[in-house]
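Following: one structure in structure tokens, then a few remarks.
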Amino acid sequence: MSSNYITGLDVGTSSVKVVVAENRNGRPALRAVFKEPSSGVKKGAVIDLAEASQAIGRALGGVKGIAKAAVKNIYLSIGTHQVKAQSSRGIVAVSRADTEIYQDDIDKVIKASQAVNLAPNRTIIHNITREFVVDGVGDIFDPLGLSGSRLEVNSLVVDAFSPHIKSLVRAVELGGGSVSGLIFGPIVSSRSSLSKNQKELGAVLIDIGFGTTGVGVYEEGKLINAVKFPVGAGNISNDLAVGLKIPVDAAEDLKLSYGYALSKEVGQKESVDLKKFYPQAKGGVSRRFVAEIIESRLSEILELVNGELKTLGKGGQLPGGAILVGGGAKMPGLTELVKRELKLASQIGLTLNGEWESQGSDFSEFLEDPEYAVAFGLVLHGTDEEEWQKRGSFSGFSIRKAVKYFLP
């Protein structure tokens, strides 16, 4: 059942972000954006249910003031690095004598592609159709009505650790919300920040969060792979805290105020007074030294990304380039570092404006902030799933059916 409101909820390690949209003429009109400090979450997984539910409850408090229906229709991101993706193929014989392919044939072949080996504590959250193949002829988007004796589908099957998802859904329920859909983070941030042209050319979406870094790789309009790594912008703060012998909170403030991704572009004589961030600190520190620590950790993260691209045979070979989102994407100098490390064009990702209904309030500040890519993408995925614009459901696989597994 379609709702008139969709809420995107991004529960991160550092913050909880919420976007609320209303159906206006089949297009999402933004009603509100909220951000609250997160708690009880580490690297995308709930580690303290009580703390996490309280943080989510605070974030959802403002949503209830807009419309009670909005908290009953939440699309939720899954951000743990234990989520895995694997290629799969389904094959069925066309059942009718006239060899025409009907919807039940398509449903059967998609179900057949879900027959992958999974551990008992894992469950499929997405079955993403890459292409259909009819009698050996591939690259077919919709085989309905075509004739053939054999129907195949190439899919990307994404599965997750069931206890992580159950605890996250439970935290939302205890916070006063109801989950309608679950979407893997790199997929949903790609939905809001990658254009159709970028996906066709071939591009990599890099989502640098506080505790994790997500990667989504596209080519010819298809998702090749999606993965999460258990390192993020928070690791930079930890490195600074250790290197400068200051508390992590002070290191985070220092990073945001004076951080730079390329140490060679920072003047050797520039100095930072650490007492501004930690009164017990002794003297100052070279800003270039701070940048060296930041660059070292970012290079490590990009090395993981490059390793994934090389495994896929796409190292340095994506004309659409690298699109950077997440809070960590706002580090000055990062795009140049990415160009150097990945040998790809690089840019900060912005939420695509074309799909939103114009509204009286000005949300441009949030739409232009890469930190909100997941939250906005969740809303857009919700409009796809509920067919606000009469488009097909998500990748041939119902998010609503998947989420029922985790609800009591």
Side-chain angles (χ1 to χ4, degrees), residues 10 12-17 33-39 41-43 55 59 189 206-214 229 231-302 322-341 346-351 364-375:
D10 176 18
T13 303
S14 175
S15 63
V16 178
K17 290 170 282 291
V33 178
F34 302 104
K35 178 181 177 181
E36 291 285 340
S38 186
S39 184
V41 179
K42 184 177 181 180
K43 297 188 182 299
S189 52
I206 305 173
D207 185 350
I208 305 176
F210 190 82
T212 61
T213 295
F229 299 115
V231 289
N235 294 89
I236 298 173
S237 303
N238 295 339
D239 292 346
L240 288 170
V242 173
L244 302 176
K245 297 180 175 58
I246 59 176
V248 174
D249 290 345
E252 175 71 12
D253 292 340
L254 171 64
K255 178 187 73 176
L256 296 176
S257 300
Y258 292 97
Y260 204 83
L262 286 173
S263 60
K264 289 185 178 180
E265 293 189 8
V266 177
Q268 290 182 334
K269 296 182 179 181
E270 290 189 56
S271 179
V272 178
D273 185 2
L274 289 180
K275 290 186 177 180
K276 291 181 179 180
F277 305 96
Y278 182 52
Q280 287 77 29
K282 296 180 180 180
V285 63
S286 165
R287 190 184 174 200
R288 175 172 283 197
F289 179 63
V290 172
E292 286 173 350
I293 295 174
I294 293 172
E295 181 179 348
S296 177
R297 177 59 76 172
L298 286 172
S299 295
E300 177 188 328
I301 292 173
L302 294 174
I323 291 79
L324 310 173
V325 298
K330 294 187 281 188
M331 175 64 66
L334 180 59
T335 54
E336 293 301 318
L337 180 64
V338 171
K339 289 177 185 177
R340 188 188 78 187
E341 296 292 318
S346 173
Q347 67 183 73
I348 302 299
L350 304 177
T351 298
S364 59
E365 174 187 352
F366 301 105
L367 291 167
E368 295 172 2
D369 189 335
E371 187 175 354
Y372 290 87
V374 169

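Throughout, numbering of the chain's residues begins at 1 and tracks the sequence. These figures come from a predicted structure and were not determined experimentally.
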Self-check item: Interatomic distance, E300 atom CD to I236 atom CD1 [nearest 0.5 angstrom]
Solution: 10.0 Å
Exercise. For E336, check salt bridge (Lys or Arg N to Asp or Glu O under 4.0 Å) against everything at least two apart and list the hits.
Key: K339
Exercise. Calculate, to the nearest 0.5 Å, the distance between atoms CD and CD1 belonging to Q347 and I323 respectively.
Key: 5.0 Å
Quiz item: Can you tell me how far the CD1 atom of I301 sits from the CD atom of E341, to the nearest 0.5 Å?
Solution: 11.5 Å
Practice problem: Measure the shortest side-chain to side-chain distance between L244 and L254 over non-hydrogen atoms and say whether it is less than 4.5 angstrom. | Solution: yes
Exercise. Report yes or no: does N235 contribute a side-chain atom to a donor-acceptor pair with the main-chain N or O of G232 at less than 3.5 Å?
Key: yes
Quiz item: When you look at CD of E365, are more than 12 heavy atoms from neighbouring residues, nucleotides or ligands closer to it than 6.0 Å?
Solution: no
Quiz item: Closest approach of L334 and G328, non-hydrogen atoms and distance?
Solution: CD2-O, 3.6 Å
Quiz item: Quick one: are I246 and F277 in side-chain contact, heavy atoms under 4.5 Å?
Solution: no
Self-check item: Rounded distance (nearest 0.5 Å) linking atom CG of L302 with atom CZ of R297
Solution: 12.0 Å
Quiz prompt | Smallest separation among heavy atoms of A261 and I294, with atom names | solution = CA-CG2, 4.3 Å
Quiz item: Looking at OG1 of T13 and NZ of K42, how far apart are the two atoms once the value is rounded to the nearest 0.5 Å?
Solution: 9.5 Å
Exercise. Run the salt-bridge test on E371 and K330 with the 4.0 Å N-O cut-off and return the result as yes or no.
Key: yes
Quiz item: Within a strict 4.5 Å, meaning less than it, do heavy atoms of the M331 and L298 side chains meet?
Solution: yes
Exercise. Can you see which heavy atom on L262 is nearest to which on R340, and at what distance?
Key: CD2-NH1, 3.7 Å
Quiz prompt | Steps toward side-chain contact (heavy atoms from CB on, under 4.5 Å) verdict (V33, Y372) | solution = CA-CA 9 Å; V33 178; Y372 290 87; 3.6 Å; yes
Quiz item: CD of Q268: more than 12 outside heavy atoms within 6.0 angstrom?
Solution: no
Quiz item: Within a strict 4.5 Å, meaning less than it, do heavy atoms of the R287 and Y260 side chains meet?
Solution: yes
Quiz prompt | Shortest non-hydrogen separation from A55 to P37 and the atoms involved | solution = CB-O, 3.8 Å
Quiz item: Which heavy atom in D273 sits nearest to a heavy atom in G283, and how many Å separate them?
Solution: OD1-O, 3.7 Å
Self-check item: Minimal non-hydrogen separation, A251 against A241, with atom names
Solution: CB-N, 3.7 Å
Quiz item: Does A59 offer a backbone N or O that forms a donor-acceptor pair with the side chain of K35 under 3.5 Å?
Solution: no
Quiz prompt | Polar side-chain atom of S15 near backbone of E36 as donor-acceptor pair, under 3.5 Å | solution = no
Quiz item: Does the distance from a Lys or Arg side-chain N to an Asp or Glu carboxylate O, for R288 and E265, drop under 4.0 Å?
Solution: no
Quiz item: Are I206 and T213 close enough that some pair of their side-chain heavy atoms sits under 4.5 Å apart?
Solution: yes
Self-check item: From CA spacing to verdict: side-chain contact (heavy atoms from CB on, under 4.5 Å), I348, T335
Solution: CA-CA 7 Å; I348 302 299; T335 54; 3.8 Å; yes
Self-check item: Flag side-chain contact, heavy atom, 4.5 Å: L240 against S237
Solution: no
Self-check item: E295 side chain reached by L337 side chain, heavy atoms, under 4.5 Å
Solution: yes
Quiz item: Are any of the side-chain heavy atoms of V338 and L324 separated by less than 4.5 Å?
Solution: yes
Practice problem: Determine whether the side chains of K269 and S271 contain a donor N or O and an acceptor N or O closer than 3.5 Å. | Solution: no
Self-check item: Rounded distance (nearest 0.5 Å) linking atom CG of D369 with atom OG of S364
Solution: 11.0 Å
Quiz item: How would you list, by chain and number, every residue that makes a salt bridge (Lys or Arg N to Asp or Glu O under 4.0 Å) with E292, sequence neighbours excluded?
Solution: none
